[in-house]
Amino acid sequence: MSHTAVEPSLAHLRLFCFVVRELRSDPKRSYRDMSTSYGISLKTFTDRIALLEGRYGSLIATLQRSPVKRLTLAADELYERAEKLLTDHAKLREWHPTGATQLKVGVTNAILVYVMPSCIQRFAANGRVSDDQVRLSFVETDVEELADLAASGKVDFSLGPRLGRGRFGGAIVKPVGPSLPSVLICHWQHPWAIEDRKSVSPSELSNQRLIALPSAVQPGGMFDNIDTDPAQGGERMIVTNYTSIVACVRMGVGVSIVPRWPEAIANASGEQTLRVIPMPKAKRTGLAAYLPPGGEDALSSPAKRLLSSVRQWVQQSLSLETSHKSRRKRASRQPAKRRKRKE
């Protein structure tokens, strides 16, 4: 079957650039490891690489009886062109017509995936006709960079895990609500899912493969202070974003911890292959807005409206958490009431 019938897309090029960076760092990395880190199946991974090689020739050379992989000259040239194309494409997405108001927000991957979808819906629903020319874009970055982006004026404001109070990195830190709890997600055939566990403590993860984010992008130190013991079969597997975390858990690669945010729980609960288990003793995640030196008064009208939408989202999350606790309390009291009636 020929792979030249389909032209490579931006998704193929993004994967290829990821592979090049990984192999330049470690030429012995296997396709299986890279596909898992990228959050796709091994078949999808190899099919995309094969399509690129069908179009541009040999890109990755393997030595016989050796795990070492060597990038060809064609691979180096394609990488340079692909990087430029992806950069230009990102700039084009951020371009807006003259006269339009641009609203740019700094976020972490977790905020972008689990918080912003609902907030954008609220932002649009509360809009006015005069706001039709607002162009909203996001700068996805590490936790430590959020304050710098806001302080330097590269974004209108940043949104992420709460780091400190008052001022941090030159930006004004303003909490957008109380902290929210975390939960564990696992495959539906995991022993804890089969046992229908009602809760899991962080200490029980020592013999598990924990799918985690790098410390620079994890929200609120969620994966800190959780030890995995190799002697018991435990290990920590680092991936780049929450999409990869969910993909790995869905494939049964390991377990992970996610914020108990409405979108996170809805996404996980809707998956037949995932189970959600409360973790009462896990770290909670507090959200904060990182504002420019002028504070909230210096924000544009659309920026203030988006920040207000985030606060509404937090209140909704707290209401959902309160209702969950009330249902659990009522459920725990029912057996006692039944026993009293029998007596």
Side-chain angles (χ1 to χ4, degrees), residues 8-23 25-26 29-52 86 107-118 138 140-143 182-194 200 205 208-220 222-223 226 228 233-277 279 282 285:
S9 65
L10 291 176
H12 293 81
L13 296 179
R14 288 192 187 96
L15 172 63
F16 175 70
C17 289
F18 167 81
V19 171
V20 171
R21 290 190 291 268
E22 291 296 302
L23 292 180
S25 174
D26 180 6
R29 282 212 73 182
S30 68
Y31 282 174
R32 184 176 296 278
D33 285 345
M34 287 189 285
S35 65
T36 300
S37 296
Y38 199 73
I40 60 177
S41 68
L42 178 60
K43 183 180 184 305
T44 301
F45 182 95
T46 54
D47 283 350
R48 289 184 181 179
I49 296 299
L51 189 147
L52 288 169
L86 292 172
V107 292
T108 61
N109 177 258
I111 300 298
L112 186 62
V113 172
Y114 291 129
V115 177
M116 296 318 301
S118 287
F138 297 98
E140 186 178 341
T141 186
D142 295 346
V143 174
S182 304
V183 294
L184 178 129
I185 57 173
C186 63
H187 192 268
W188 71 281
Q189 289 184 322
H190 189 282
W192 291 340
I194 295 174
V200 172
L205 299 178
Q208 300 291 316
R209 177 181 287 152
L210 179 65
I211 314 298
L213 296 173
S215 58
V217 298
Q218 61 176 275
M222 185 178 296
F223 299 101
I226 295 180
T228 51
E235 64 175 318
R236 185 174 294 212
M237 178 178 168
I238 304 299
V239 297
T240 56
N241 52 48
Y242 268 90
T243 303
S244 298
I245 282 182
V246 174
C248 288
V249 175
R250 187 188 296 127
M251 293 186 290
V253 175
V255 302
S256 190
I257 305 171
V258 299
R260 191 183 179 90
W261 293 336
E263 280 76 9
I265 301 306
N267 291 348
S269 300
E271 290 279 356
Q272 296 297 321
T273 52
L274 293 181
R275 290 293 182 272
V276 177
I277 304 177
M279 292 190 70
T285 304

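Residue numbers start at 1 and run along the sequence shown. All values reported here derive from a predicted model rather than from experimental measurement.
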Taking C-beta and beyond as the side chain, do [X] and [Y] meet within less than 4.5 Å on heavy atoms?
{"X": "Thr44", "Y": "Leu15", "result": "no"}
{"X": "Leu274", "Y": "Val246", "result": "yes"}
{"X": "Arg275", "Y": "Trp192", "result": "no"}
{"X": "Val255", "Y": "Leu205", "result": "yes"}

Looking at every heavy atom in both [X] and [Y], which two are closest together, and how far apart are they?
{"X": "Cys248", "Y": "Thr36", "answer": "SG-O, 3.4 Å"}
{"X": "Thr46", "Y": "Tyr31", "answer": "CG2-CD1, 4.1 Å"}
{"X": "Ala193", "Y": "Cys186", "answer": "CB-SG, 4.1 Å"}
{"X": "Ala11", "Y": "Tyr38", "answer": "O-OH, 4.5 Å"}
{"X": "Thr228", "Y": "Gly234", "answer": "CB-C, 3.9 Å"}
{"X": "Met34", "Y": "Phe18", "answer": "O-CE2, 3.6 Å"}

- Query: To the nearest 0.5 Å, how far apart are CG in Asp47 and CG in Leu42?
  - Reply: 9.0 Å
- Message: Return the OG to CE distance between Ser35 and Met251, rounded to the nearest 0.5 Å.
- Response: 6.5 Å
Is a donor on one side and an acceptor on the other found under 3.5 Å between the side chain of [X] and the backbone of [Y]?
{"X": "Ser25", "Y": "Arg21", "answer": "no"}
{"X": "Ser182", "Y": "Ile257", "answer": "no"}
{"X": "Arg250", "Y": "His187", "answer": "no"}

- Item | Distance-only side-chain donor-acceptor flag, Arg29 / Ser37, under 3.5 Å | yes
- Task: May I have the step-by-step check of side-chain contact (heavy atoms from CB on, under 4.5 Å) for Val258 and Leu184, ending in yes or no?
- Result: CA-CA 6 Å; Val258 299; Leu184 178 129; over 6 Å; no
- Message: Go through it in stages, so that I can follow the logic: the residues are Ile277 and Val183, the test is side-chain contact (heavy atoms from CB on, under 4.5 Å), and I'd like the CA-CA distance, side-chain angles, deciding distance and then a yes or no.
- Response: CA-CA 6 Å; Ile277 304 177; Val183 294; over 6 Å; no
- Message: Go through it in stages, so that I can follow the logic: the residues are Val253 and Ile211, the test is side-chain contact (heavy atoms from CB on, under 4.5 Å), and I'd like the CA-CA distance, side-chain angles, deciding distance and then a yes or no.
- Response: CA-CA 8 Å; Val253 175; Ile211 314 298; 4.0 Å; yes
- Item | Result of checking His190, Glu235, Arg236 against Gln208 for side-chain hydrogen bond (donor to acceptor under 3.5 Å, both in side chains) | His190
